[in-house]
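Accompanying notes for the structure given below.
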Amino acid sequence: MKVRVNEDMCEGHGKCQAAAPGVFRLRDDDVSEVIVDEVPAADVEKVERAIRLCPRQAIAWVKPA
Amino acid sequence: MPGALPLTLDQIDLFDPTPFEMGEAHALFTYLRNNKPVFWNEGPENLVGTWNLTKFEDVVFVSRQPETFISSTGITQMKLRMPEPEGLFGDTSGNGKMLITMDPPRHVRLRRLVNKGFTPRAVAAMEAHIREITTEILDGIADRRSCDFVLEVSSQLPLAVICGMMGLEKKDWPLMFELTNKVLGAGDPEYQTDVPEEQRGSREAANMTGAMGFMQMFSFFGQQLQKRRVDPENDLISLLCGSEVDGEALTDEEILWFCFLLILAGNETTRNGISAGLITLCQNPAERERLQKDLSLMPSAVEEILRYTSPVTHMAREATRDVEIRGQLIRAGERVTMWYPSVNRDEDIFPDSQRFDITRTPNDHLAFGIGEHFCLGAGFARLELRVMFEELFRRFPDIDMDGPAERLRSTFIGGIKHLPVRYTPKG
């Protein structure tokens, strides 16, 4: 599974990095980026939590094509 | 609690500001969450009715779909059935013209002009400055043993911060305070000073007060804008003057509405968060003692203050298509109102939800909303609350209420107008 951050929406709250540090990284320009290609199975629940907690609701799973 | 709990749904009217002014709205919300979580309230007089959402998940559901539940037809429950003819000042609703009343995609584009100044990192850089302002405010009350906490303390910090960011001179700050009260407190007789005394309290008095506040605000910012067009400064208004969206510079009207929103949002809500926070701590002495013994609990205490007091009472949206919420059909064109004090005490989300617990974990409240319209100033609000209570308890550890608080007559803003406090002068 892949996850995506909408950079237009992200305002650098860092909740995703706190919830799933192995998947998200808050850059110096206050935008969060996804640092893995595929989310490891062990992190799926953490990513779900990040999606739920993001104040801007800027995170979503990428739907398979 | 004075006032009997309603026995039937038809006795509940969320358009009536009285329970809010009396601090009794939680009894209504608890009843609704447990009996009618999606509750239709017919509009009184000339107002459109609305669906009232009191459960956490339903408010998240609506907030996550800004294209289905739009803001551009008004964000308060007060929507007129028959629009009144535009008065002398044109359309004073601001619908579609400010971030808060704008829909995607333009909302994000406009918000991106300023949002880098509001990120957690940008806010953290302001901490020393905010502590300096706080110290100065507390110096001002240190030689007495009592004061009106709202007028002299809680209103002054957010006012100074937002006015500073907008580059307004100190001599103009009291005017900004006064006009904010007129616009957001238009329905409260205390602020209806432009209306003859015997007419205060009426719907007309509220309309008149709001319009006067609006007109004076626009004329003030009009002058500020002209000055910066000629002579730009390093402030938010100048930044907006030089900004473009989709290759087009913002118009004067757009910048004025932006200023209007920034000044209102920047100084009213945090003021009420600080005031209501102090009231809550005074009314929960065990939690207060725990906090004062260990000020490192402050960030978590601030989150609990935000959850427990929810300074913004509601936001409204309008459905653009038929949608079901909790099995209830909401038809296209119907309005929904999201009640933040209610969702932040939703028993399904917050165990023992009526209890004030400064170490509540998790505490993912919706005091700032969520999604597209998440409060831009949330970081400043959190920082101002934290610094204020740190400094307040350091200097006046015995500060206490010295009489009842006076609440704003409003269903929109959980306002505290006056809060008498006493303390040992020192510091």
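Reminder, nothing fancy here: chain letters follow the sequence lines and each chain counts from 1.
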Count the heavy atoms belonging to other residues, nucleotides or ligands that lie under 6.0 Å from [atom1] of [X], then report whether that count exceeds 12.
X: B:Lys55; atom1: NZ; value: yes
X: B:Glu248; atom1: CD; value: no
X: A:Glu45; atom1: CD; value: no

Check step by step if side-chain contact (heavy atoms from CB on, under 4.5 Å) holds for A:Arg49 and B:Asp364. CA-CA 11 Å; A:Arg49 185 171 157 75; B:Asp364 303 311; 4.3 Å; yes

Between B:Ala378, B:Pro120, B:Ala122, B:Gly369, which shows the greatest number of heavy-atom pairs under 4.5 Å with chain A? B:Pro120

Give a yes or no on whether the backbone of A:Glu11 and the side-chain of B:Lys116 come within a donor-acceptor separation of less than 3.5 Å.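 Looks like no, no N/O pair under 3.5 Å.
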
Donor-acceptor under 3.5 Å (A:Arg56 side chain, B:Glu372 main chain):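 Yes.
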
Point-to-point distance, once rounded to the nearest 0.5 Å, from [atom1] of [X] to [atom2] of [Y]:
X: B:Phe374; Y: A:Met9; atom1: CZ; atom2: CE; value: 11.0 Å
X: B:Gln65; Y: A:Gln57; atom1: CD; atom2: CD; value: 11.0 Å
X: B:Thr119; Y: A:Leu26; atom1: OG1; atom2: CG; value: 8.5 Å
X: A:Asp29; Y: B:Arg121; atom1: CG; atom2: CZ; value: 8.0 Å
X: A:Ile51; Y: B:Arg64; atom1: CD1; atom2: CZ; value: 7.5 Å

If one checks every heavy atom of A:Asp28 against chain B at 4.5 Å, the contacting part turns out to be both

Does any backbone or side-chain atom of B:Arg109 lie under 4.5 Å from a heavy atom of chain A? Answer side chain, backbone, both or neither.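 B:Arg109 has no heavy atom closer than 4.5 Å to chain A.
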
